[in-house]
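Single-structure report; data block below.
Please read these numbers as outputs of a predicted model, since none were measured by experiment. In this chain, numbering begins with 1 at the start of the sequence shown. Both backbone and side-chain heavy atoms feed into the values below; hydrogens, waters and symmetry mates do not.
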Amino acid sequence: MVESEPKFYIPESFQVNYDVSSQFKMIWNVMKAPLIVPFLNACVYISLAMALMLFMERVYMGIVIVLIKLFWKKPEQRYNYEPLQDDEELGGSNFPVVLVQIPMFNEREVYKVSIGAACGLSWPTDRLVIQVLDDSTDPVVKQMVEMECQRWASKGINITYQIRENRVGYKAGALKEGLKRSYVKHCEYVVIFDADFSPPPDFLRRGIPFLVGNPELALVQGRWRFVNANECLLTRMQEMSLDYHFTVEQEVGSATHAFFGFNGTAGIWRIAAINEAGGWKDRTTVEDMDLAVRASLRGWKFLYLGDLQANSELPSTLRAFRFQQHRWSCGPANLFRKMAMDIIRNKKVKFWKKVYVIYSFFLVRKIVAHMVTFFFYCLVIPLTILVPEVYVPIWGAVYIPSIITILNSVGTPRSIHLLFYWILFENVMSLHRTKATLIGLLEYGRANEWVVTEKLGDSVNNNKLKSDAAAKKGHVKVQKKTRSKFMERLNLLELGFAVFLFFCGCYDYVHGKHNYFIYLFLQTLTFTIVGFGYVGTIV
């Protein structure tokens with residue numbers, strides 16, 4: 001009798017799953033060599049080229065800033081500078097008339113900051129015109145701001161409260177309307193302060209003489225200082241990035257080409273230069289940079305003064321910071337799209353200044369810096385782990401970013417111990433900035449979206465003002481905010497990338513040879529923290 005062979009029965013569901021996985025693996029093997037490997041190799045070469053561009057830019061600025069600190073003359077020696085003196089006989093007639101513009105939008109917590117600081121400026125009262133441009137939509141806030149202006153006016157301060165029927169043009173529209181007022185015609189200079197800025201009393205006395213003695217100067221830009229930098233880890237990260245911007249980028253641009261981007265506040269403009277450049281325009285979300293580029297193309301020069309400082313507040317919530325970064329990333333890219341050919345065709349600007357503006361100022365700093373950080377270090381390198389046939393040289397993956405990071409740390413030496421986490425955080429934010437940059441370049445979707453950065457009143461440490469504001473909101477609103485707090489914090493795109501990086505890290509831990517998993521797991525953790533919106537709560 002012949003024994004029958006034993007039969008094995010495989011569950012149907014297992015067969016389906018096995019067939020799907022085997023088919024996927026077969027498709028992957030078929031496509032990998034002819035398509036995926038060449039595509040990833042091209043991505044690596046492009047990313048390395050962008051990394052080298054950013055590396056050379058950082059090294060160049062590092063060398064120049066060292067030369068400036070060691071050998072450059074101080075601004076008072078490079079420019080005609082004669083302090084304005086009080087004269088008892090002439091009174092204030094030897095002082096030029098200065099307009100102070102303070103644009104606002106529902107600034108309940110901080111409206112007193114800039115108004116009080118502007119009214120406290122050391123300048124002859126009859127030569128100072130303060131203009132509060134209130135675009136608030138909250139009638140309670142509008143009444144509070146108007147009453148504050150009336151309070152200072154009763155003390156003899158020349159302050160005017162201005163409102164508009166609509167918010168056309170946002171900040172640019174408000175500033176443009178303010179300059180149309182009849183009482184502005186006799187003003188020679190205008191200084192702009194955002195609602196959370198608090199300049200020292202001698203701000204005008206230190207900045208205006210440069211404009212008076214040098215008719216070729218259109219702008220004197222002061223530096224921002226951050227009074228709430230120690231509030232949480234999020235503000236510390238911002239301080240590190242912005243300190244490098246002011247300490248290196250603005251200083252280098254001012255010393256080498258007398259050009260840099262106007263920061264939108266804490267700057268003194270010659271009104272004639274604004275008019276000659278075409279005035280304020282609202283075609284992008286960076287009306288300040290737009291005006292600066294147009295004035296520069298007219299031949300005007302700019303001066304940055306690192307010791308002319310004004311206190312300000314950093315966004316202390318991730319939501320506010322993300323909106324701000326979208327505007328700051330999308331706007332320059334959109335402006336580059338609109339003005340690239342105007343810069344190239346311009347006849348008044350020297351060739352090397354055009355190269356600096358197009359290549360260094362716009363292409364490398366405003367576009368490449370965001371894209372290479374995200375595409376190379378958060379996308380391409382993790383993908384090469386799954387495709388070991390693609391080689392990434394160690395100098396591009398490790399050495400160049402390490403040097404760039406060290407060069408970036410010169411702005412804030414006190415935070416050097418946070419450098420590693422700053423790298424991880426900047427990599428996360430590069431996702432948001434790259435998306436905004438592409439929106440600006442393609443002029444798509446949210447290209448002209450303007451969301452005012454939320455201020456919490458930290459710049460004055462006015463706890464009473466915060467308590468009063470909270471009390472006026474009422475219990476119902478507070479409860480509603482608490483109920484939706486988790487959903488407001490949730491950032492699905494960052495969480496999706498955290499899953500992707502975690503998968504790549506696990507694969508590298510099992511099959512990889514370069515030990516990238518250490519970096520990938522740490523980056524996964526940072527993406528997860530930001531994805532759940534808790535970075536602003538870490539002290």
Side-chain angles (χ1 to χ4, degrees), residues 24-25 27-58 329-330 332-333 336-337 359 362-405 423-442 444 493-524 526-527:
F24 178 79
K25 185 176 182 180
I27 294 172
W28 172 261
N29 290 330
V30 169
M31 294 179 59
K32 186 164 68 170
L35 294 176
I36 297 175
V37 172
F39 175 73
L40 265 184
N41 274 324
C43 290
V44 169
Y45 295 144
I46 294 172
S47 298
L48 289 174
M50 291 194 296
L52 283 173
M53 291 170 65
L54 184 60
F55 171 74
M56 293 171 65
E57 172 72 8
R58 291 291 189 265
S329 302
C330 178
F336 180 64
R337 170 193 170 105
Y359 175 79
F362 273 116
L363 184 60
V364 177
R365 298 185 206 167
K366 310 302 181 185
I367 298 175
V368 169
H370 303 323
M371 290 188 172
V372 70
T373 304
F374 170 65
F375 282 123
F376 194 26
Y377 303 110
C378 298
L379 197 60
V380 174
I381 289 180
L383 284 174
T384 59
I385 293 172
L386 306 179
V387 187
E389 293 87 348
V390 178
Y391 172 70
V392 179
I394 192 171
W395 58 265
V398 179
Y399 299 153
I400 282 184
S402 298
I403 296 173
I404 291 175
T405 301
I423 300 171
L424 299 174
F425 178 71
E426 285 294 294
N427 287 349
V428 175
M429 290 308 302
S430 69
L431 165 62
H432 192 64
R433 292 169 183 149
T434 298
K435 183 179 71 172
T437 300
L438 291 175
I439 290 174
L441 284 174
L442 300 176
Y444 175 78
L493 194 58
E494 282 81 353
L495 290 175
F497 258 90
V499 173
F500 164 70
L501 293 175
F502 181 73
F503 172 77
C504 293
C506 292
Y507 188 91
D508 185 59
Y509 179 78
V510 176
H511 303 289
K513 300 178 181 179
H514 302 291
N515 293 327
Y516 286 151
F517 67 88
I518 300 174
Y519 155 72
L520 291 174
F521 287 151
L522 290 172
Q523 193 66 72
T524 297
T526 311
F527 264 100

| message | Tell me whether the count of non-hydrogen atoms from other residues, nucleotides or ligands lying under 6.0 Å of CZ in Phe374 goes above 12. | response | yes

| said: Tell me whether Phe39 at atom CZ has more than 12 heavy atoms from other residues, nucleotides or ligands lying less than 6.0 Å away. | reply: no

| message | I'd like to know whether Phe527 forms a side-chain contact (heavy atoms from CB on, under 4.5 Å) with Leu431, so could you lay out the CA-CA distance, the side-chain angles of the two residues, the decisive distance to 0.1 Å, and finally the verdict. | response | CA-CA 10 Å; Phe527 264 100; Leu431 165 62; 4.0 Å; yes

| message | Donor-acceptor pair, distance only, cut-off 3.5 Å: does the side chain of Asp508 make one with the backbone of Cys504? | response | no

| query | Only one of Val387, Asn41, Leu386 clears side chain to side chain contact (heavy atoms under 4.5 Å, CB included) with Ile36; which? | reply | Val387

| Short side-chain to backbone donor-acceptor contact, Thr373 and Asn427, under 3.5 Å | no

| query | Taking atom CZ of Phe55 and atom OG of Ser402, what is their separation to the nearest 0.5 Å? | reply | 11.0 Å

| Validation row: Phe500, Thr524 side chains within 4.5 angstrom (heavy atoms) | no

| said: Rounded at 0.5 Å granularity, tell me how far CG in Leu493 sits from NZ in Lys435. | reply: 5.5 Å

| task | With side-chain contact (heavy atoms from CB on, under 4.5 Å) as the test, would you mind laying out the steps for Ile46 and Val380 before giving the verdict? | result | CA-CA 10 Å; Ile46 294 172; Val380 174; over 6 Å; no

| query | When rounded to the nearest 0.5 angstrom, what distance separates OG1 in Thr434 from CE in Met429? | reply | 10.5 Å

| message | If you define the side chain from C-beta out and look only at heavy atoms, does anything of Pro401 sit under 4.5 Å from Phe376? | response | no

| Tell me, do Glu57 and Val368 make a side-chain contact under 4.5 Å, heavy atoms counted? | no

| So how far is it from Leu501 CG to Ile381 CD1, rounded to the nearest 0.5 Å? | 11.0 Å

| message | Apply side-chain contact (heavy atoms from CB on, under 4.5 Å) to residues Ile394 and Tyr399 and explain how you reach the verdict. | response | CA-CA 7 Å; Ile394 192 171; Tyr399 299 153; 3.8 Å; yes

| task | Describe, in one word, how the ring planes of Phe517 and Tyr509 are oriented to each other, choosing from parallel (under 30°), tilted (30 to 60°) and perpendicular (over 60°). | result | perpendicular

| query | Do the non-hydrogen side-chain atoms of Phe497 and Gln523 ever get within less than 4.5 Å of each other? | reply | no

| request: Any chance you could lay out the side-chain contact (heavy atoms from CB on, under 4.5 Å) test for Glu426 and Thr405, step after step, and finish with the verdict? | output: CA-CA 11 Å; Glu426 285 294 294; Thr405 301; over 6 Å; no

| task | Report, as yes or no, whether the 6.0 Å neighbourhood of atom CZ on Phe503 holds more than 12 heavy atoms from other residues, nucleotides or ligands. | result | no

